[in-house]
Amino acid sequence: DTGVSQDPRHKITKRGQNVTFRCDPISEHNRLYWYRQTLGQGPEFLTYFQNEAQLEKSRLLSDRFSAERPKGSFSTLEIQRTEQGDSAMYLCASSQRQSGEKLFFGSGTQLSVL
Amino acid sequence: AQTVTQSQPEMSVQEAETVTLSCTYDTSESDYYLFWYKQPPSRQMILVIRQEAYKQQNATENRFSVNFQKAAKSFSLKISDSQLGDAAMYFCAYRSADDKIIFGKGTRLHILP
């Protein structure tokens, strides 16, 4: 069990560029979650997966955001045409699909849009 | 839709004293789970304690305990014998029956030596 890993740890991009983040969950975990967190705030739910199926996407999420989990293992989060307001920490977490199971979090990807 | 509210943006407590962090939530579900997570300056989220909604008994983990009031939809965290290492952001979280998990905005806890 190597934990949840996210890549890259930091990303600096210019406004208007596209960025993609990767998350590798704990291998036996079938639930995978994406959150966005700004400094001093709580994690904001973006989307989650059961294996390769995307169960829900936040209604607050712009169409510029898309996430995939094509083989039910790793996941990618893409942001198109980035804006300065997208600057945040993007957290990935995974868990077993058992009632009440806790989330295991990655270290996050810090995005800065200039 | 479910919501989680933490009304205390910041709290301070003297080392070795007891502090209580508040959390309220709104839901129409009867079956759910509640959590408290700790996020130290390293920003790695750590589970502190978990409560099943169907259990009346309050969860306890060493110096951490909760006061779960289901009818009032209240879920407070009590930290006894506060230690310097307890300084962090604390987030209350709600896990619904379909496993969606939402967080409150957090309470920043300062420990005064």
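Computation of the quantities below employed the complete heavy-atom set of this structure, encompassing side-chain atoms and omitting hydrogens, waters and symmetry-equivalent molecules. By convention in this document, chain letters (A, B, ...) are assigned in the order of the sequence lines, proteins followed by strands, and residues within each chain are numbered from 1.
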Trace of the side-chain contact (heavy atoms from CB on, under 4.5 Å) decision for B/Gln44 with A/Ser107
CA-CA 6 Å; B/Gln44 185 69 47; A/Ser107 298; 3.1 Å; yes
Over all atoms of both residues, closest heavy-atom pair of [X] and [Y]:
X       : Y       : result
A/Pro43 : A/Gln37 : CD-NE2, 4.0 Å
B/Arg43 : A/Leu39 : NH1-CD1, 4.0 Å
A/Arg69 : A/Phe74 : CG-O, 3.2 Å

Just to verify, which of A/Ile12, A/Thr13, A/Thr82 counts as forming a side chain to side chain contact (heavy atoms under 4.5 Å, CB included) with A/Leu114?
A/Ile12
Quick check on B/Tyr37 against chain A: is it the side chain, the backbone, both or neither that has a heavy atom closer than 4.5 Å?
side chain
Checking B/Leu47 against chain A: side chain, backbone, both or neither under 4.5 Å from a heavy atom?
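Contact with chain A is through the side chain of B/Leu47 alone.
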Would the distance check show the side chain of B/Asp26 and the main-chain N or O of B/Thr3 forming a donor-acceptor pair, the cut-off being under 3.5 Å?
no
Would you say B/Ser96's side chain and B/Tyr32's backbone share a donor-acceptor pair under 3.5 angstrom?
no
Please classify the contact between A/Glu56 and chain B as side chain, backbone, both or neither, with a heavy-atom cut-off of under 4.5 Å.
side chain
Are there residues of residues 44-55 of chain A whose heavy atoms fall under 4.5 Å of chain B's heavy atoms? If so, which?
A/Phe45, A/Tyr48
Among B/Gln39, B/Gln51, B/Glu52, B/Arg108, the residue with the most heavy-atom pairs under 4.5 Å to chain A is B/Gln39
Apply the test side-chain contact (heavy atoms from CB on, under 4.5 Å) to residues B/Val4 and B/Cys23: give CA-CA distance (whole Å), side-chain angles for both, the deciding distance (0.1 Å), then the verdict.
CA-CA 7 Å; B/Val4 176; B/Cys23 173; 3.7 Å; yes
